[in-house]
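Each residue takes its place number in the sequence, starting with 1. None of the values given here were measured: they were computed from a predicted structure.
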Amino acid sequence: MMHVLVVDDSATVRQAFSMLLAGKFSVDTAADPIIAERKILKQRPDVVVLDLQMPRMDGFSFLRQIMSRDPLPVVICSSAAARGSETAMRALEEGAVDVIGKPPMGVREFIAEGAVMITDTLRAAAQARMRKTMPLVARHPVDVILPAAAPSVSGATDRIVAVGASTGGTEALRQIIEALPPNAPGMVVVQHMPEGFTAAFAKRLNSLSRVEVKEAANGDVISAGRVLIAPGSHHLLVRRHGSRYFAQLSDGALVSRHRPSVDVLFRSVAQSAGANALGIILTGMGDDGAQGLAEMYAAGAPTIAQDEATSVIFGMPKEAILRGAVTSVLPLHHIPPAILRLT
């Protein structure tokens, strides 16, 4: 049975997690990182659920200690990482697999109501391939940043790139988007994240990149040098009007257990752009995006899956490969140049 260690100074939170996870996982708790460290040495957990604001040692210090010494999958659950918080982005950059924004009030109810989401998050985190973290640099070395692409002279509608990712995708997307030149083809992205987090994620990427990165809004034009991130809790679709592509948001039902769903994005791109698009599926658990990528492939679009060696979780790329929806399987660092080559 999967073993989960909950590290939080709130007895209410520890009790609520213990009740929620009982029967599904083996659960242990610790009131602070010092106690947690002793318990980890005694029994290594499959996943650590970590608060950030605690006595004796703060959560960030403990996260860095775990990631630099003997990496474990860590899911942050903290009110300090609430909706739209830069703290959440920092936690992911420091090595956390995922972030759950804990409300300051009504925590017990939040945990009970979010049972499916929390359970899915922990199961995904347990499958993550962990590596020791390196100091974060603001941008790739100069020799990795891609030069500007040659301007198109065909007169045809611009090509667009559609990308889907889940667990581990925030770091994968950072590496891809930072490497792009200012005139890279327009890109639309679904990253499984809660509502509010995607705006902070887009803002962070925008500060690090040479392309414009923003959370998508209805009617946004998809154009060269621009990356649109699907807002949490909204599906992102691509619509075509004449020779231009536009973003359309929908708050429809969950698809493949997600909203936003990669399948929804890819299906709309297959219908609107056909062979004039490139589809990319990155690290993540489950099969969201596999069917949609197959539809892009059938419409004539080249498609890429991130390889197993560089994926935190190989689930989503593997499912797409098994369905015969992928034309190329590439390590993460080969994907940015492939974007320019195939568009």
Using side-chain heavy atoms (C-beta onward) and a distance below 4.5 Å, is [X] in contact with [Y]?
| X | Y | value |
| --- | --- | --- |
| Leu72 | Leu5 | no |
| Thr283 | Glu171 | no |
| Ser243 | Asp158 | no |
| Thr170 | Phe201 | yes |
| Val74 | Met130 | no |
| Val227 | Leu205 | no |
| Asp307 | His334 | no |

For the residue pair [X] and [Y], what are the closest heavy atoms and their distance?
| X | Y | result |
| --- | --- | --- |
| Leu293 | Ala320 | CD2-CB, 3.9 Å |
| Met316 | His192 | SD-CE1, 4.3 Å |
| His333 | Pro336 | O-CD, 3.7 Å |

Give a yes or no answer on whether the side chain of [X] reaches the backbone of [Y] with a donor-acceptor pair at less than 3.5 Å.
| X | Y | value |
| --- | --- | --- |
| Arg259 | Ala253 | no |
| Ser272 | Val238 | yes |
| Asp9 | Ala31 | no |
| Asp220 | Ala217 | yes |
| Ser261 | Ser256 | no |

Taking a hydrophobic cluster as the set of Ile, Leu, Val, Met, Phe, Trp and Tyr residues connected by side-chain heavy atoms closer than 4.5 Å, whether directly or through intermediates, do [X] and [Y] fall within one such cluster?
| X | Y | value |
| --- | --- | --- |
| Ile281 | Ile160 | yes |
| Ile66 | Val75 | no |
| Leu278 | Leu330 | yes |

For Gln291, which residues count as a side-chain hydrogen bond (donor to acceptor under 3.5 Å, both in side chains) partner, sequence neighbours excluded?
->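 If we apply the side-chain hydrogen bond (donor to acceptor under 3.5 Å, both in side chains) test to Gln291, skipping adjacent residues, the hits are Glu295, Arg323.
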Test side-chain hydrogen bond (donor to acceptor under 3.5 Å, both in side chains) applied to Gln65 - qualifying residues, sequence neighbours left out |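 Partners of Gln65 under the side-chain hydrogen bond (donor to acceptor under 3.5 Å, both in side chains) test: Glu37.
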Check Ile222, Val211, Ile339 against Met187 for a side chain to side chain contact (heavy atoms under 4.5 Å, CB included) and give me the one that passes.
->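 Going through Ile222, Val211, Ile339 one by one, the side chain to side chain contact (heavy atoms under 4.5 Å, CB included) with Met187 is satisfied by Ile339 alone.
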